[in-house]
Amino acid sequence: MARFRLKSCISLIALALLLLIITLVLKTLTPEDSPFHRPVEVQVDLHRQTASQNQREYNKRPEEIKMSDPAESDRDAELESTLRKYPPPNYYLHAFYYIWYGNPKFDGKYIHWDHPQLPHWDAQVAQQYPQGRHVPPEDIGANYYPSLGPYSSRDPAVLEAHMQQLRTAAIGVIAVSWYPPSTNDDNGEPLDEIMPSLLEVAHKYHIKVVFHIEPYKGRDEVNMFTNVKYIIEKYGDHPAFFKYRTNAGKLLPLFYVYDSYLINSEQWAKLLKHTESGSIRDTPYDGIFIALLVEEKHKREILTAGFDGIYTYFATNGFTYGSTQRNWVSIKAFCEDNDLLFIPSVGPGYIDTSIRPWNFKNTRNRINGKYYETSLSSALESRPDFISVTSFNEWHEGTQIETAVPKTGLSVYLDYLPNKPTIYLEITRKWAAIFGGERQRWQDL
């Protein structure tokens with residue numbers, strides 16, 4: 001028993017000595033070394049840093065403080081919070097976008113919503129169909145009615161709503177229908193002055209912009225150089241201006257050229273071939289120029305002209321060689337063999353009988369989204385470089401994915417029922433994710 005008590009005392013003494021040693025060691029540790037003190041020390045440092053920053057803010061001049069206005073910071077924080085609710089933008093998914101719409105509030109009159117009913121080229125056929133202009137707001141030049149009504153492309157609230165819809169659809173790039181300054185299409189007004197506002201709101205929503213150059217009056221290889229130079233000098237430094245890095249490592253803007261076949265390949269080559277004295281190549285205004293493929297023979301002409309890629313635009317499967325989906329795999333093979341980009345164009349459907357009442361044969365029923373999904377699936381089968389959507393808001397041809405609503409009145413309008421107004425944005429969003437996954441898989445092969 002005595003031995004047991006002795007051993008117990010020795011053990012207690014040893015334990016006391018151990019505790020004393022631990023206490024002395026902990027006292028010698030700095031706050032950074034001690035895990036017990038670290039949270040308190042970090043909180044103190046943060047408070048000191050905040051006080052110091054606040055003091056510096058008080059000492060700033062008014063013009064310096066303006067950029068850190070609490071109200072503006074709150075708005076920025078609110079926007080970033082909103083953007084996080086959207087899917088990430090897919091910059092390989094482009095949508096054709098039109099800024100040619102106007103209404104009395106912003107433009108003094110309706111523009112494009114009052115589109116005329118175009119006569120058939122055969123006078124006898126033309127006599128069988130109505131002619132004349134539409135009379136908005138109840139009667140517009142479209143088979144569907146937009147949720148935003150007959151809007152103006154100058155309306156900041158409309159541009160904001162469009163960017164939100166585009167982000168809902170995960171579209172990363174809009175291809176904006178463009179005419180040079182002081183020029184316009186047959187039914188519209190000059191558009192270039194809208195571009196600064198559009199670029200600003202696009203940047204706000206992390207969306208990029210490319211130019212879809214229309215066949216303006218007198219377009220040729222000489223004034224194309226002038227107009228591309230104008231675009232790059234005026235807009236090329238804007239953060240929303242889309243640029244793409246080529247296989248050669250160059251970071252260049254991309255241009256869609258609508259109805260490129262209207263100029264022969266010899267003329268285009270003067271602009272697009274490196275060997276020509278007036279070439280745009282290897283100048284500060286070089287770019288990636290994408291030609292419209294309509295007929296099969298255009299493939300060789302596009303190559304000879306010096307274009308960098310092909311797109312198909314039309315949302316009517318079977319309307320042209322290029323828009324016929326069963327041809328896309330072979331077109332892609334041609335592009336791969338000749339170092340061209342391939343950008344098939346997909347759409348939710350097609351109907352333009354509000355402006356071409358005789359053109360019912362080219363109508364493509366939406367089938368509650370099935371037509372669109374089939375088009376997207378066909379595009380992916382070709383392993384495209386990009387996919388373009390025809391369109392976000394070409395209302396005259398009924399290719400829009402923008403939200404539409406049921407409307408009754410003087411005209412009978414189609415709608416998206418029984419689906420929601422956002423159905424085509426949601427389908428686009430779904431396939432944007434699929435496309436992103438497939439692109440990654442192709443790169444890993």
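All of these numbers come straight from a predicted model, not from anything done at the bench. For reference, positions follow the sequence shown, starting with 1.
- Crowding of Asp415 atom CG: a count of heavy atoms from other residues, nucleotides or ligands under 6.0 Å exceeding 12.
- Other residues, nucleotides and ligands contribute more than 12 heavy atoms inside 6.0 Å of the CG atom of Asp444.
- The two residues Ile263 and Gln267 have their closest heavy-atom pair at CG2-CB, 3.4 Å.
- The six-membered or imidazole ring of Trp121 lies near that of Trp358, with a centre-to-centre distance under 6.0 Å.
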>> salt bridge (Lys or Arg N to Asp or Glu O under 4.0 Å), that's the test. Do Asp385 and Lys332 meet it? Break it down for me.
In response: CA-CA 9 Å; Asp385 298 287; Lys332 168 62 175 178; 3.3 Å; yes

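- Residues Thr312 and Ser323 bring no donor and acceptor atom of their side chains to less than 3.5 Å of each other.
- You'll find the side chain of Asn362 stays beyond 4.5 Å of the side chain of Asp352, heavy atoms only.
- Environment of NZ in Lys420: sparse, with no more than 12 heavy atoms of neighbouring residues, nucleotides or ligands closer than 6.0 Å.
- In this structure, Lys299 is positioned above the aromatic face of Phe334, its NZ or CZ under 6.0 Å from the six-membered ring centre and within 45° of the axis.
- Ring-plane geometry between Phe241 and Phe211 is classed as tilted, the angle between the planes lying from 30 to 60 degrees on a 0 to 90 degree scale.
- Surrounding CD of Gln124 are at most 12 heavy atoms belonging to other residues, nucleotides or ligands under 6.0 Å away.
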>> Determine whether Thr320 and Glu295 satisfy the following criterion, side chain to side chain donor-acceptor pair (under 3.5 Å), listing intermediate values before the conclusion.
In response: CA-CA 6 Å; Thr320 67; Glu295 301 177 30; over 6 Å; no

> Passes salt bridge (Lys or Arg N to Asp or Glu O under 4.0 Å), Asp76 versus Lys204? Steps please.
Replying inline: CA-CA 10 Å; Asp76 291 343; Lys204 177 180 175 181; over 6 Å; no

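- For the residue pair Thr304/Ser265, the side-chain donor-acceptor check at 3.5 Å is not satisfied.
- Taking the six-membered ring wherever Trp is involved, the centroid distance between the rings of Tyr98 and His396 does not fall below 6.0 Å.
- The ring-ring contact (aromatic ring centres under 6.0 Å, His included) contacts involving residues 263-301 comprise Phe255-Phe289, Tyr261-His298, Trp268-Phe307, where partners must be two or more places apart or lie in separate chains.
- Checked against the 6.0 Å centroid threshold, His115 and Tyr101 do not count as a close aromatic pair.
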>> Between Arg84 and Glu80, does the salt bridge (Lys or Arg N to Asp or Glu O under 4.0 Å) criterion hold? Intermediate values first, please.
In response: CA-CA 6 Å; Arg84 283 194 289 270; Glu80 289 305 315; 5.0 Å; no

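- More than 12 heavy atoms of other residues, nucleotides or ligands lie within 6.0 Å of CG in Asp337, so this atom counts as buried by the packing criterion.
- Residue pairs meeting the ring-ring contact (aromatic ring centres under 6.0 Å, His included) criterion with at least one partner in residues 414-445, sequence neighbours excluded, are Tyr144-Tyr416, Tyr416-Tyr424.
- Taking the six-membered ring for Trp, Phe319 and Phe314 have ring centres closer than 6.0 Å.
- Using cut-offs of 30° and 60° on the angle between ring planes, the pair Phe386 and Phe242 is perpendicular.
- Cation-pi geometry between Arg366 and Tyr372 is not satisfied (NZ or CZ under 6.0 Å from the ring centre, within 45° of the ring normal).
- With hydrogens and angles disregarded, no donor-acceptor distance shorter than 3.5 Å links the side chain of Asn393 to the backbone of Gln400.
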> For Arg441 and Glu438, what are the C-alpha separation, side-chain angles and deciding distance, and is it a salt bridge (Lys or Arg N to Asp or Glu O under 4.0 Å)?
Replying inline: CA-CA 5 Å; Arg441 188 175 67 84; Glu438 286 297 283; 2.8 Å; yes

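- For the pair Ile343 and Ile310, the minimum side-chain heavy-atom distance is 4.5 Å or more.
- The pair Arg219-Glu214 does not count as a salt bridge, with every side-chain nitrogen at least 4.0 angstrom from each carboxylate oxygen.
- Classified by interplanar angle (parallel below 30°, tilted 30° to 60°, perpendicular above 60°), the ring pair Phe96/Tyr311 is tilted.
- Using a distance-only test at 3.5 Å, with no hydrogens or angles considered, no donor-acceptor pair links the side chain of Thr324 to the main chain of Arg326.
- Pairs of residues two or more places apart, or lying in two chains, that qualify as salt bridge (Lys or Arg N to Asp or Glu O under 4.0 Å) and include a residue from residues 237-266 are Lys250-Asp282.
- Aromatic ring orientation, Tyr313 versus Tyr258: perpendicular (interplanar angle above 60°, classes split at 30° and 60°).
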> Under the side chain to side chain donor-acceptor pair (under 3.5 Å) criterion, do Tyr235 and Asp192 qualify, and how do the steps go?
Replying inline: CA-CA 11 Å; Tyr235 304 119; Asp192 184 62; 2.9 Å; yes

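- In this pair, Trp113 and Trp395 present their aromatic rings tilted. The plane angle is within the 30 to 60° band.
- Side chains of Tyr205 and Gln164: a donor on one and an acceptor on the other come within 3.5 Å.
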